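Reading through the structure tokens given below for one structure.
Naming convention: chains lettered A, B, ... in sequence-line order (proteins, then strands); numbering from 1 in each chain. Computed from a predicted model, the values in this text were never measured in an experiment.
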Number of protein chains: 2
Amino acid sequence: MRDSLVAAAFRLFLERGYEQTTVDDIVALAGVGRRSFFRYFPSKEDVVFPDHERCLAEMTAFLGDGDDAADPVARVCDAARLVLGMYAENPTFSVQRYRLTRQVPGLRAYELSVVWRYERALAEYLRGRFAGRPDGTLRADVVAAAVVAAHNNGLRSWLRSDGQEDAGAAVDHALAHVRLVFAPDPPAAPAPAAGDTEEDVVVVVSRRGAPMWRVVQEIETALGRTSD
Amino acid sequence: MRDSLVAAAFRLFLERGYEQTTVDDIVALAGVGRRSFFRYFPSKEDVVFPDHERCLAEMTAFLGDGDDAADPVARVCDAARLVLGMYAENPTFSVQRYRLTRQVPGLRAYELSVVWRYERALAEYLRGRFAGRPDGTLRADVVAAAVVAAHNNGLRSWLRSDGQEDAGAAVDHALAHVRLVFAPDPPAAPAPAAGDTEEDVVVVVSRRGAPMWRVVQEIETALGRTSD
DNA sequence: CCGAACGGGGAACTGAGTGCCATCTTGATC
DNA sequence: GATCAAGATGGCACTCAGTTCCCCGTTCGG
């Protein structure tokens, strides 16, 4: 029922446009009653994003499962990848929807409210993890916004390629960028080893032609910690 | 006319709630015709944000005035402060509107689309400034999102205080946080001196206590490239 | 005095979303 | 197999936002 409504809706949306399609048109094509449409989708916009509610629930469950051992920023990046997974499940559908939302202001506004709820979920999680730290809520909001922006940047680049590129790679690359920016995770203390407690500097030598990640790796080793 | 409609609308919104107030109620109280309402405000939501259109125009003008000498991140922070200025012009109005938007989902969605347009303006500016740099558009999107998130964090904290706190201080503090994260000041660059072009190694010295991102930044500068 | 331009007002229409109730299916119980 | 309860569906009428079309009064130039 839900599926038949979504199928009918998208056939009409692609055929004659979103605003030129009325709910009556959709239910006529799907062969169901008008009232049933609004039972499954609280609004006409919802039929365009039929699986976000489920995905949002998955994300909150993922963030609330108590597995708080890892770096919080890494955790929200993984949470963001859940959304990418939902898009990647149905590439053609996602690309069609992307074209729709790009040119219909009403759908763009609706998508913003959906994205906002994801961002709130991430920010709430980070606020919990950053609790007590000075400017914890500020940092939580900023990191959440940055993660969402990076995710969307990678996602859109994939969508613009009609699903040809590697979605995971694009988003991973974007999220890595954010993690590099916010990576320090200050409390990952310098933890001076026994004996060199007085040392204040560390010297690293690297071949100039070495790839950046290799250099970073050497730095991390020298400093006795990781950027994660 | 515009002002009388806004005044009538807010009287009713605060009295009986946004959704319980129809456009007919507003025009009846303002003593104008229903058609005139929609001449001044394309939708019922617009009457709640009567000055954002003007502010957005100011921001795009500010970003497009060709004064690109300063640090791009600082520039978008200044642009964000323009929005704060608009809120601070009418504290009581801003606080009332904040209470409304917080509890009416439709208004929150509308506000999101407004904020999105500000963010797009900032991101477009940064894309121009970061053009050519690898991952320039990604960085532009992320910085814009972070700046907006920080601005909104400070703004909301001020609004929650009923306009009692210092709005400028709250937002300045939040924006300073973001500027610190995103390449605040170019680190002292141990640029290779003339004559050592053939050298294959580079030596980097860093304080052990420095945050990882700071170290990475210095490495990048030393190697004469970025991780982007 | 006339008429064109224009800002405002009103009536009627479309379409989204809701409330209420009738109907139909399903499945458990006796 | 009959019956009843519960849930799913359809139909109808209603509210309200937003639009279209047209009318009216004012103003200003000829």
Open item on the list: Run the side chain to side chain donor-acceptor pair (under 3.5 Å) test on A:Asn153 and A:His177 for me, step by step, so that the C-alpha distance in whole Å, both residues' side-chain angles and the decisive distance to 0.1 Å come before the verdict.
Closed with: CA-CA 11 Å; A:Asn153 184 288; A:His177 185 92; over 6 Å; no
Length of the [atom1]-[atom2] vector between [X] and [N], whole Å:
X: B:Glu19; N: D:dT15; atom1: CD; atom2: C1'; result: 14 Å
X: B:Glu45; N: C:dA16; atom1: CD; atom2: C1'; result: 13 Å
X: A:Ile26; N: C:dG15; atom1: CD1; atom2: C1'; result: 12 Å
X: B:Gln20; N: D:dA17; atom1: CD; atom2: C1'; result: 15 Å
X: B:Lys44; N: D:dG18; atom1: NZ; atom2: P; result: 8 Å
X: B:Asp24; N: D:dA17; atom1: CG; atom2: P; result: 7 Å
X: A:Leu5; N: D:dA8; atom1: CG; atom2: P; result: 15 Å
X: A:Phe38; N: D:dT9; atom1: CZ; atom2: P; result: 16 Å

Open item on the list: Please report whether the ring centroid of A:His151 lies less than 6.0 Å from that of A:Tyr118.
Closed with: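 Centroid separation for A:Tyr118 and A:His151: 6.0 Å or greater.
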Open item on the list: In this structure, is the centre-to-centre distance between the rings of B:Tyr98 and B:Tyr87 below 6.0 Å?
Closed with: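 Not close enough - the centres of the two rings lie 6.0 Å or further apart.
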Side-chain donor-acceptor pairs under 3.5 Å in residues 11-21 of chain B, sequence neighbours left out?
{"unit_1": "B:Arg16", "atom_1": "NH1", "unit_2": "B:Asp25", "atom_2": "OD2", "d": "3.0"}
{"unit_1": "B:Tyr18", "atom_1": "OH", "unit_2": "B:Glu45", "atom_2": "N", "d": "3.4"}
{"unit_1": "B:Thr21", "atom_1": "OG1", "unit_2": "B:Gly17", "atom_2": "O", "d": "2.7"}

- [ ] Test B:Glu119 against every option in B:Val76, B:Val147, B:Val114, B:Val148 by the side-chain contact (heavy atoms from CB on, under 4.5 Å) rule and name the one that passes.
- [x]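 The passing option is B:Val148.
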Give every pair of a protein N or O atom and an N or O atom of nucleotides 24-27 of chain D that lie under 3.5 Å apart, one pair per line with the distance.
none

Which side-chain N or O atoms in residues 120-129 of chain B pair as donor and acceptor under 3.5 Å with protein atoms at least two apart or in another chain?
{"unit_1": "B:Arg120", "atom_1": "NH2", "unit_2": "B:Glu124", "atom_2": "OE2", "d": "3.3"}
{"unit_1": "B:Tyr125", "atom_1": "OH", "unit_2": "B:Asp68", "atom_2": "OD1", "d": "3.2"}
{"unit_1": "B:Tyr125", "atom_1": "OH", "unit_2": "B:Arg129", "atom_2": "NH1", "d": "2.7"}
{"unit_1": "B:Arg127", "atom_1": "NE", "unit_2": "B:Asp141", "atom_2": "OD1", "d": "3.2"}
{"unit_1": "B:Arg127", "atom_1": "NH2", "unit_2": "B:Asp141", "atom_2": "OD1", "d": "3.1"}
{"unit_1": "B:Arg127", "atom_1": "NH2", "unit_2": "B:Asp141", "atom_2": "OD2", "d": "2.9"}
{"unit_1": "B:Arg129", "atom_1": "NH1", "unit_2": "B:Asp68", "atom_2": "O", "d": "3.2"}
{"unit_1": "B:Arg129", "atom_1": "NH2", "unit_2": "B:Asp68", "atom_2": "O", "d": "2.8"}
{"unit_1": "B:Arg129", "atom_1": "NH2", "unit_2": "B:Ala70", "atom_2": "O", "d": "3.4"}

Could you tell me whether [X] and [Y] make a salt bridge, using a distance below 4.0 angstrom between a side-chain N and a carboxylate O?
X: B:Arg75; Y: B:Asp78; value: no
X: A:Glu111; Y: A:Arg102; value: no
X: A:Asp46; Y: A:Arg2; value: no

Open item on the list: Using five pairs at each end of the helix from C:dC1-D:dG30 to C:dC30-D:dG1 to define an axis, what is the angle between those two axes, to 10°?
Closed with: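 Result, rounded to 10 degrees: 10°.
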What are the atom names and distances for every N/O pair under 3.5 Å that joins the protein to nucleotides 4-9 of chain C?
{"unit_1": "C:dG8", "atom_1": "OP1", "unit_2": "B:Tyr40", "atom_2": "OH", "d": "3.4"}
{"unit_1": "C:dG8", "atom_1": "OP2", "unit_2": "B:Tyr40", "atom_2": "OH", "d": "3.2"}
{"unit_1": "C:dG8", "atom_1": "N7", "unit_2": "B:Arg39", "atom_2": "NH2", "d": "3.4"}
{"unit_1": "C:dG9", "atom_1": "OP1", "unit_2": "B:Gly33", "atom_2": "N", "d": "3.3"}
{"unit_1": "C:dG9", "atom_1": "OP2", "unit_2": "B:Gly33", "atom_2": "N", "d": "3.0"}
{"unit_1": "C:dG9", "atom_1": "OP2", "unit_2": "B:Ser36", "atom_2": "OG", "d": "2.1"}
{"unit_1": "C:dG9", "atom_1": "N7", "unit_2": "B:Arg39", "atom_2": "NH2", "d": "2.8"}

TODO: Quick one: sort the B:Phe41 and B:Phe37 rings into parallel, tilted or perpendicular, breaks at 30° and 60°.
DONE: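 Tilted.
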- [ ] Would you list the pairs meeting salt bridge (charged side-chain N to carboxylate O under 4.0 Å, His left out) in which at least one residue belongs to residues 83-96 of chain A, sequence neighbours left out?
- [x]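 Non-adjacent pairs meeting salt bridge (charged side-chain N to carboxylate O under 4.0 Å, His left out): zero.
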